[in-house]
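Start at 1 and go down the list; that is how both ligands and their atoms are numbered.
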Amino acid sequence: GHIFGGPGSGKGTQCEKIVAKYGYTHLSSGDLLRAEVASGSERGKQLQAIMQKGELVPLDTVLDMIKDTMIAKADVSKGYLIDGYPREVKQGEEFEKKIGAPALLLYVDAKAETMVQRLMKRGETSGRADDNEETIKKRLDLYYKATEPVIAYYEKRGIVRKINSELPVDEVFAIVVKAIDELK
Ligand SMILES: Nc1ccn([C@@H]2O[C@H](COP(=O)(O)OP(=O)(O)OP(=O)(O)O)[C@@H](O)[C@H]2O)c(=O)n1
Ligand SMILES: Nc1nc2c(ncn2[C@@H]2O[C@H](COP(=O)(O)OP(=O)(O)O)[C@@H](O)[C@H]2O)c(=O)[nH]1
Ligand SMILES: [Mg+2]
């Protein structure tokens, strides 16, 4: 399934707990991109510039990375948890064409104000070039403009489970567990 939500909504935090309980393979598109940047490759340098501005990297770049990683882990995986993808409706459509339809979309929802607060706090220690006030604002704008419409695309199929991530982490996780177990 996919885990979906704005920047700082708590996707990464919930993914860690889901992986610990269910053993799914966590694929964070942001982490894959940051690994490419860290490798120091030419492509990584181009990605770094885009991410620093809070913009979206070209669709095919991320999708190929996800697909390659899924294939590499296919024989050991108990299932996949795709984090931070799709970021726009087009990305969702391409994912379906090249990979398949997700069984579940966990939508962790927090207020803009909460997300900004969490990201500013995370920025004190994350070392991420995009956890600064200016880039956070751009990421949020892009989230509301391009990413949130993705929900409507999946809602038609009845696979969206919206979860209030304003609650403490363990309470959010309890709701996540219910959503996953209902599906199994
Ligand atoms: N499918 C994706 C995923 C990520 N990115 C780029 O990578 C950055 C960081 O992505 P991610 O780690 O998923 O960040 P957020 O969801 O904004 O925040 P968080 O890590 O807190 O989930 C994005 O701003 C964007 O520039 C992208 O272009 N396309
Ligand atoms: N209070 C509270 N804080 C959270 C929760 N989930 C995440 N956080 C904090 O918010 C920040 C962003 O979380 P992260 O999981 O990185 O979010 P992501 O950007 O959606 O991947 C982190 O510093 C977390 O400690 C939650 O459910 N409740
Ligand atoms: Mg994250």
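Contact annotation for Val169 and ligand 2: heavy atoms of both the backbone and the side chain come within less than 4.0 Å of the ligand. Residue contacts with ligand 2, taken as heavy atom pairs separated by less than 4.0 Å, do not involve Val108 at all. For Ser9, heavy-atom contacts with ligand 2 shorter than 4.0 Å involve the backbone as well as the side chain.
The atoms of ligand 2 that sit less than 4.0 Å from any heavy atom of Thr13 are 6 (N), 7 (C), 13 (O), 14 (P), 15 (O), 24 (C). Heavy-atom contacts of Gly10 reach the following atoms of ligand 2: 6 (N), 7 (C), 13 (O), 14 (P), 15 (O), 17 (O), 18 (P), 20 (O) (cutoff under 4.0 Å). Under a 4.0 Å criterion applied to the non-hydrogen atoms of Val172, ligand 2 contributes the atoms 27 (O). Near Gly6, meaning under 4.0 Å from any of its heavy atoms, are these atoms of ligand 2: 20 (O).
Under the 4.0 angstrom criterion, atom 20 (O) of ligand 2 counts as having a protein heavy-atom contact.
Residue contacts with ligand 2 include Ser165, since one of its heavy atoms falls under 4.0 Å from the ligand. The closest approach between Leu167 and ligand 2 falls below 4.0 Å for a heavy atom of the residue.
A search for side-chain contact (heavy atoms from CB on, under 4.5 Å) contacts involving Val116 returns Met120, Ile136, Leu140, not counting sequence neighbours. Residues passing the side-chain hydrogen bond (donor to acceptor under 3.5 Å, both in side chains) test with Arg118, sequence neighbours excluded: none. In this view, Ala146 and Glu88, Leu142 satisfy the side-chain contact (heavy atoms from CB on, under 4.5 Å) rule, not counting sequence neighbours.
Of all heavy-atom pairs spanning Gly8 and Leu119, the tightest one is CA-CD2, 3.5 Å. Asp131 and Gly123 get closest at one heavy-atom pair: CB-CA, 3.6 Å. When all heavy atoms of Pro7 and Arg139 are compared, the pair lying nearest together is CB-NH2, 3.8 Å. Of all heavy-atom pairs between Thr69 and Leu27, the closest is CG2-CD2, 3.2 Å.
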Given salt bridge (Lys or Arg N to Asp or Glu O under 4.0 Å), test Lys137 with Asp141 step by step and report yes or no. CA-CA 6 Å; Lys137 188 175 180 310; Asp141 287 347; 3.2 Å; yes
Between Met51 and Arg34, does a side chain to side chain contact (heavy atoms under 4.5 Å, CB included) hold up when you go through it step by step? CA-CA 9 Å; Met51 292 163 76; Arg34 282 185 286 278; 3.7 Å; yes
Please walk me through it: do Ile18 and Ile180 pass side chain to side chain contact (heavy atoms under 4.5 Å, CB included)? CA-CA 9 Å; Ile18 295 168; Ile180 294 176; 4.0 Å; yes
Chi angles and distances behind the side chain to side chain contact (heavy atoms under 4.5 Å, CB included) call for Glu124, Lys121: CA-CA 6 Å; Glu124 291 169 13; Lys121 182 101 184 42; 4.2 Å; yes
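Of the listed residues (Arg118, Glu16, Met120), the one carrying the non-hydrogen atom nearest atom 9 (C) of ligand 2 is Arg118.
Within 6.0 Å of atom CD in Glu134, 12 or fewer heavy atoms from other residues, nucleotides or ligands are found, so the atom counts as exposed in its surroundings.
Considering backbone and side-chain atoms together, Gly12 places an N or O closer than 3.5 Å to an N or O of ligand 2. Considering backbone and side-chain atoms together, Arg122 places an N or O closer than 3.5 Å to an N or O of ligand 2.
Ligand 1 is surrounded by Pro7, Gly8, Lys11, Ser29, Gly30, Leu33, Arg34, Met51, Glu55, Leu56, Val57, Val62, Gly84, Tyr85, Arg87, Gln91, Arg122, Arg128, Asp130, Arg139, each with at least one heavy atom closer than 4.0 Å.
In summary, the side chains of Asp109 and Ser165 do not present any donor paired with an acceptor at a separation below 3.5 Å, with no hydrogens or angles considered.
Of the protein's heavy atoms, Lys11 N, 3.5 Å lies nearest to atom 18 (P) of ligand 2.
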